[in-house]
Structure formats: structure tokens, C-alpha cells
Q: 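I am attaching a structure below and will ask some questions about it afterwards.
As the structure lists them, so they are numbered: ligands from 1, and atoms in each ligand from 1. Atom set for the values below is all heavy atoms of this structure, side chains included, hydrogens, waters and symmetry mates excluded.
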Amino acid sequence: MKENQNRRIAVFGATGSIGTQTLDVINQLGGFDITVLTAGSKWQSLAELALKWKPRCVAIGDPSKKNELKNAIFGSGIKVYAGKDADAHVAESEEYDLCLNGLVGVAGLMPSYHALSRGIDLALANKESLVLAGDLLNSIAKKTNSKILPVDSEHSAILQCLQGEQKSEVRRLILTASGGPFRKWPLEKIRNATKEAALNHPTWSMGPKITIDSATLMNKGLEIIEAYHLFKIPIEKIDVRIHPVSVVHSMVEFVDGSFKAQLGVPDMRIPIEHALFFPTHREMKLRDDDPADWPPLEFSKVEDGRYPCLDLAYKALSIGGTATAVLNGADEAAVAGFLNGRLKFGEISETIEKTLDTHNVAEADNIEEIKSADSWGRDYTETLISELR
Ligand code: NAD
Ligand code: MG
């Protein structure tokens with residue numbers, strides 16, 4: 001490719017929080033031709049984006065929205081794919097040089113798998129891909145010489161802190177966590193917390209699944225698994241500290257006691273930009289920012305017993321094999337159960353734990369095994385939910 005030629009990018013989950021912020025970054029900075037845009041069911045938003053960005057194709061997960069989408073972009077020459085496997089199909093067959101995966105949950109697995117299998121770099125927001133299949137995706141990336149570039153703010157921070165450093169000199173990675181909206185609630189009140197309270201994240205504005213995961217701290221648990229695979233650091237060297245204002249995005253402690261951290265106001269467009277243009281930083285005008293205006297930077301240890309989901313993620317990672325895929329399926333089902341009013345907040349961790357404890361762990365060395373472990377976790381959790389109410 002010539003020096004100044006645009007790269008072709010496929011944006012999976014283009015209508016979501018990460019997807020729209022990615023398009024905003026590309027709008028500001030250019031550098032990419034968008035060849036693929038996808039969404040789950042929001043056909044109007046996808047049609048608007050398609051007419052603006054003129055990709056070669058669009059994909060919509062919900063097959064019942066195919067005709068509306070087709071009619072809305074009629075005459076544009078843009079191909080339309082629809083259905084559960086549409087994202088996987090375009091990831092496998094369409095032309096692009098970088099995959100931005102902003103899908104939520106297991107829906108993101110196959111686009112990650114196909115992009116890396118084709119030797120295409122992956123800018124990854126969909127942490128679930130690594131939770132489900134970290135070992136497999138790493139081995140594919142190694143074989144095809146492709147890169148996984150983190151979009152998640154904590155992992156973008158760690159990647160930046162590790163630039164020019166030796167991994168053997170790392171004492172530990174410290175992921176920061178806001179602590180969610182229930183950080184100071186009395187423990188007995190958290191069990192019955194409402195959906196509105198759980199969706200009220202103190203610092204970040206994100207999609208509903210990750211927002212609930214942030215309230216239980218399962219999000220941080222998934223991020224520990226993500227960090228383990230991205231940086232190939234043993235689990236004992238990955239720690240979490242509560243940092244409510246989310247200014248320090250994460251840090252690395254080195255063996256001599258020196259710490260490096262990456263800081264900034266919470267805005268996902270910064271880690272998105274860094275993943276798109278890695279290893280460079282491009283000039284962006286987000287706002288005037290000055291450390292003098294930042295709130296005091298406080299840190300605390302995770303309080304025992306407050307966030308059982310975090311312990312479950314550590315447990316699944318130490319079990320290994322298909323345990324983390326089961327954790328993912330169970331978490332998606334439990335979060336959906338909570339959001340549609342069938343589970344209490346406190347029952348999210350309880351159902352996931354029962355599911356994890358019931359699972360017969362197997363090797364997670366092929367994609368079918370991984371998908372079926374995820375489905376088993378999801379189905380078993382759904383059965384537990386129906387037994388409850
Ligand atoms: P979101 O719910 O806002 O967006 C998800 C996108 O995926 C939407 O475009 C939706 O239409 C699409 N989608 C959902 N289900 C689908 C399906 N079954 N098939 C096809 N498409 C489907 O979610 P988000 O907050 O943007 O999060 C996306 C990913 O990025 C998640 O893995 C999340 O953990 C991660 N992440 C998000 C943030 C953030 O600030 N939002 C930060 C860090 C990491
Ligand atoms: Mg994060």
C-alpha cells in the first residue's frame with residue numbers, strides 16, 4: 001500500500017457506543033475508507049450511516065429488518081446481508097485492511113476469528129472475543145502475523161505504558177475500575193438494586209451490557225482475562241484498584257518499584273484513535289483539558305465481598321479451558337435476565353456461579369468447542385432463571 005493511501009476498515013457494531021465514536025474519530029481524522037458497516041437491529045441508523053459513508057456492504061443481525069434496510073438505501077449500490085451469521089460472513093469474505101470490532105457479547109467472536117485468520121489486524125473493543133477464545137485467537141494471530149490492538153481504555157493504557165519496556169521487568173499490571181454505582185451502598189441493599197440505579201454509571205456512557213457488567217465489576221473480571229491474553233502476563237501479576245474518577249486508565253508497576261500510568265479524561269475516542277493509528281497519536285480536538293481541572297486521584301483496594309463477579313472471573317481464568325467461555329455465556333444470559341426484570345441484581349453473580357460450578361471443563365482449542373461452551377453456559381443460566389421465576 002502507498003504511504004498516503006487510505007486503509008479500508010470494516011466497522012462491526014457501527015450503531016453502538018464504540019461504533020459511533022469510531023465513526024466520529026474517522027470523521028475528524030480521515031485515513032480510512034469504510035468498506036463494511038454492521039448493526040444488530042437498528043436498521044434506520046445503519047441506513048443513515050450507509051448513505052453517509054457509502055460502504056461496499058452493510059450487514060444487519062436481525063433478518064426481519066432486511067427489507068426495510070434494503071428499501072432505505074435503494075439505488076445506492078450497497079450490498080445488504082442479513083441474519084445471525086451475516087457479520088461472520090462479511091468478516092470472512094469482504095475486503096478490508098482493519099477490523100474494528102464494536103459488537104457486544106459472543107456476536108463479536110466470529111468477526112475477530114475471521115479477521116485474524118485472514119491476517120487482518122483487529123482493533124478490538126469486543127473483549128468477549130478474548131474471554132471466549134483468547135488462546136485460540138492468539139495462536140491464529142501468531143500464525144497469520146496479525147495484530148490485536150486493544151480499544152478498551154485500560155488495555156490501551158497498559159499497551160502505552162509497556163512501549164519500549166521489557167515484559168520480564170514488569171512486577172504487575174494494575175487495572176483501574178470506577179467501582180460502579182454501588183461502590184458505597186450498604187451490601188444488603190445492593191441485592192435488590194433497580195435497573196435504573198445499575199445503569200447509572202458514574203463516569204462512562206456505554207451500551208447497556210457493559211454498564212451492568214461495570215456495576216457488578218464483571219467488566220473488570222472480563223478485562224483481567226482480556227489483559228492476560230493481550231499481554232501474556234500471569235494471572236497473579238494482574239491486579240485491580242478502585243479509582244472512582246476514571247482519570248488514570250490503568251498502570252504498570254516495574255520490578256524496581258517504578259510505576260507508569262496513562263491518564264486523561266474519560267473519552268473512548270482517545271483509545272479508539274490510538275488503536276486505529278497505532279503506534280502514533282493523531283491530533284484530535286476533543287476539548288480543552290488541563291490536569292489542574294482534574295478531580296483528586298484516589299485509589300483503594302477492592303473490598304472483599306462487594307463484587308462477587310470479579311472473583312468468578314479470576315476463578316474461571318484459573319480453571320482455564322472452556323471455563324471462561326461458560327462464564328461469558330452465563331454472564332450474557334444473567335445480564336439479559338436482570339435487564340428484562342427476571343433476575344434481581346444480587347442473583348446475577350449467584351446464577352453465574354452455579355453455572356460455572358456445574359460445567360465440565362474441556363480444552364478450548366477449536367472454535368466449535370468454544371461456541372458450544374458459551375451456549376451451554378447461556379442455556380444453563382437461562383434454565384436457572386426460569387426456575388426462579
Ligand atoms: P452497544 O450495545 O452500544 O453496541 C453494540 C453494537 O453491536 C450495536 O451496533 C448493535 O447493533 C450491535 N449488536 C448487538 N448485538 C448484535 C448481534 N447479535 N448481532 C450483530 N450485531 C449486534 O455496546 P458498546 O458499549 O459499544 O460495546 C461494544 C463492545 O465494546 C463490548 O464488548 C464492550 O464491552 C466494549 N467496550 C465498550 C466501551 C464503551 O465505552 N461503550 C468501552 C470499552 C469496551
Ligand atoms: Mg474498559
Side-chain angles (χ1 to χ4, degrees), residues 10-25 36-50 58-63 65 69 81-91 100-112 122-132 149-159 175-178 180 199 201 203-214 217-227 230 240 243 246 248-250 262 266-272 274-275 328 331-332 335-336 339 374 378:
V11 181
F12 289 89
T15 57
S17 163
I18 291 292
T20 49
Q21 293 182 87
T22 299
L23 296 174
D24 187 32
V25 169
V36 175
L37 288 172
T38 86
S41 58
K42 288 189 183 160
W43 64 270
Q44 289 110 323
S45 310
L46 183 58
E48 263 172 46
L49 295 175
V58 289
I60 185 114
D62 180 348
K65 304 291 189 298
L69 177 60
Y81 297 94
K84 196 168 72 56
D85 298 324
D87 279 16
H89 176 75
V90 299
L100 184 291
N101 191 340
L103 293 165
V104 61
V106 68
L109 176 63
M110 293 315 287
S112 294
L122 174 63
L124 186 65
N126 179 259
K127 63 194 81 183
E128 294 91 341
S129 290
L130 288 173
V131 171
L132 286 154
L149 299 159
V151 167
D152 217 347
S153 57
E154 295 76 1
H155 306 75
S156 177
I158 290 171
L159 179 69
L175 302 178
T176 51
S178 72
L199 282 171
H201 193 275
T203 45
W204 296 96
S205 159
M206 310 177 285
K209 196 257 176 182
I210 181 175
T211 305
I212 300 303
D213 280 345
S214 299
L217 244 67
M218 179 58 93
N219 182 50
K220 211 49 53 183
L222 302 180
E223 290 182 354
I224 288 164
I225 303 172
E226 183 184 11
L230 282 171
V240 175
H243 171 55
S246 306
V248 172
H249 298 309
S250 276
Q262 188 261 342
D267 190 321
M268 283 308 293
R269 289 173 296 180
I270 299 171
I272 290 170
H274 197 50
N328 182 74
D331 179 52
E332 281 190 51
V335 169
L339 286 173
D374 171 84
R378 189 177 306 270

Q: Closest non-hydrogen protein atom to atom 34 (O) of ligand 1, residue and atom name please, with distance?
A: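 Going by distance alone, atom 34 (O) of ligand 1 is nearest to K127 CE, 3.1 Å.
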Q: What atoms of ligand 1 come closer than 4.0 angstrom to any heavy atom of V104?
A: 5 (C), 7 (O), 14 (C)
Q: Closest approach of P111 and A88, non-hydrogen atoms and distance?
A: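 Heavy atoms of P111 and A88 come nearest at CG-N, 4.5 Å.
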Q: List the atom of P150, the atom of L230, and the distance in Å for their closest heavy-atom pair.
A: CB-CD1, 3.8 Å
Q: Identify which of A125, P266, P208, G207 has a heavy atom lying nearest to atom 23 (O) of ligand 1.
A: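 That would be G207.
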Q: Could you pull out the closest heavy-atom pair between V90 and Y81, with the gap in Å?
A: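 It is CG1-CD1, 3.3 Å.
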Q: First locate atom CZ of F12, then atom CG of N126, and finally report the distance between them rounded to the nearest 0.5 Å.
A: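 Between atom CZ of F12 and atom CG of N126 there are 11.0 Å.
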Q: Suppose I only count heavy atoms of T15 and a 4.0 Å limit; which atoms of ligand 1 are within that range?
A: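 Ligand 1 atoms under the 4.0 Å threshold to T15: 8 (C), 9 (O), 11 (O).
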Q: Under the side-chain hydrogen bond (donor to acceptor under 3.5 Å, both in side chains) rule, what do T15 and S45 come out as? Steps first, then yes or no, please.
A: CA-CA 6 Å; T15 57; S45 310; 5.9 Å; no
Q: Any heavy atom of E128 closer to ligand 1 than 4.0 angstrom?
A: yes
Q: To the nearest 0.5 angstrom, please state how far the CD1 atom of I225 sits from the NZ atom of K220.
A: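 Taking CD1 in I225 and NZ in K220, the distance rounds to 13.0 Å.
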Q: As an exercise, identify every atom of ligand 1 less than 4.0 angstrom from a heavy atom of D152.
A: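 The atoms of ligand 1 under 4.0 Å from a heavy atom of D152 are 43 (C), 44 (C).
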Q: Is a side-chain N or O of D152 found less than 3.5 angstrom from the main chain of H155, in a donor-acceptor match?
A: no
Q: So, applying side-chain contact (heavy atoms from CB on, under 4.5 Å) with E128, which one of L109, V106, V104 is it?
A: V104
Q: Using every non-hydrogen atom in the two residues, find where A14 and L23 come nearest and quote the distance to one decimal.
A: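 What the structure gives for the nearest pair is O-CD1, 4.0 Å.
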Q: Check this for me: does any side-chain nitrogen of one of E154 and K127 sit under 4.0 Å from a carboxylate oxygen of the other?
A: no
Q: Which of the numbered atoms in ligand 1 are below 4.0 angstrom from a heavy atom of G102?
A: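 Answer, ordered by atom number: 5 (C), 6 (C), 7 (O), 28 (C).
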Q: Using 2.8 Å as the cut-off, note every protein N, O or S atom close to the Mg ion (ligand 2).
A: D152 OD1, E154 OE1, E223 OE2
Q: Please check whether S205 reaches ligand 1 - meaning an N/O of the residue sits under 3.5 Å from an N/O of the ligand, judged on distance alone.
A: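 N/O-N/O distance under 3.5 Å: no.
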Q: Checking D62 side chain against G83 main chain: does a donor-acceptor pair fall under 3.5 Å?
A: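 Side chain of D62 to backbone of G83: no pair is present.
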Q: Give the minimum heavy-atom separation between V248 and T176, together with the two atoms involved.
A: O-OG1, 2.8 Å
Q: Enumerate the atoms of ligand 1 whose separation from the nearest heavy atom of M268 is less than 4.0 angstrom.
A: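 Answer for ligand 1: 40 (O), 42 (C), 43 (C).
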Q: With a 4.0 Å cut-off on heavy atoms, is A39 in contact with ligand 1?
A: yes
Q: Does any N or O atom in Q21 lie less than 3.5 angstrom from one in ligand 1, N or O only?
A: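 It does not: no N or O of Q21 is found under 3.5 Å from an N or O of ligand 1.
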Q: Run I272 and D24 through side chain to side chain contact (heavy atoms under 4.5 Å, CB included) and show every step you take.
A: CA-CA 10 Å; I272 290 170; D24 187 32; over 6 Å; no
Q: Checking a contact table here: which protein heavy atom is nearest atom 22 (C) of ligand 1, and how many Å away?
A: G40 CA, 3.5 Å
Q: State, to 0.1 Å, how close V131 and N328 come at their nearest heavy-atom pair, and which atoms those are.
A: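 For V131 versus N328, the nearest heavy atoms are CG1-CB, 4.2 Å.
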Q: Polar-atom distance check: G13 versus ligand 1, any N or O pair below 3.5 Å?
A: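 Right, the criterion is met.
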Q: Note the single closest protein heavy atom to atom 41 (N) of ligand 1, along with its residue, its atom name and the distance in Å.
A: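 The answer is S17 OG, 3.0 Å.
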Q: Just which atoms of ligand 1 are under 4.0 Å from any heavy atom in D87?
A: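 Under 4.0 Å from D87, ligand 1 has these atoms: 20 (C).
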Q: Start with the C-alpha distance between I210 and L222, add both sets of side-chain angles, then the distance that settles side chain to side chain contact (heavy atoms under 4.5 Å, CB included), and finish with yes or no.
A: CA-CA 10 Å; I210 181 175; L222 302 180; over 6 Å; no
Q: For ligand 1 and G16, I'd like to know whether there is a polar contact (N/O to N/O, distance under 3.5 Å).
A: yes
Q: What residue and atom, counting heavy atoms only, is the protein's closest point to atom 39 (C) of ligand 1, and at what distance?
A: M206 CG, 3.5 Å
Q: Short N/O distance, under 3.5 Å, between A107 and ligand 1?
A: no
Q: Going by heavy-atom distance to atom 29 (C) of ligand 1, choose the closest among I18, I210, L103.
A: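 Looking at heavy atoms only, the winner is L103.
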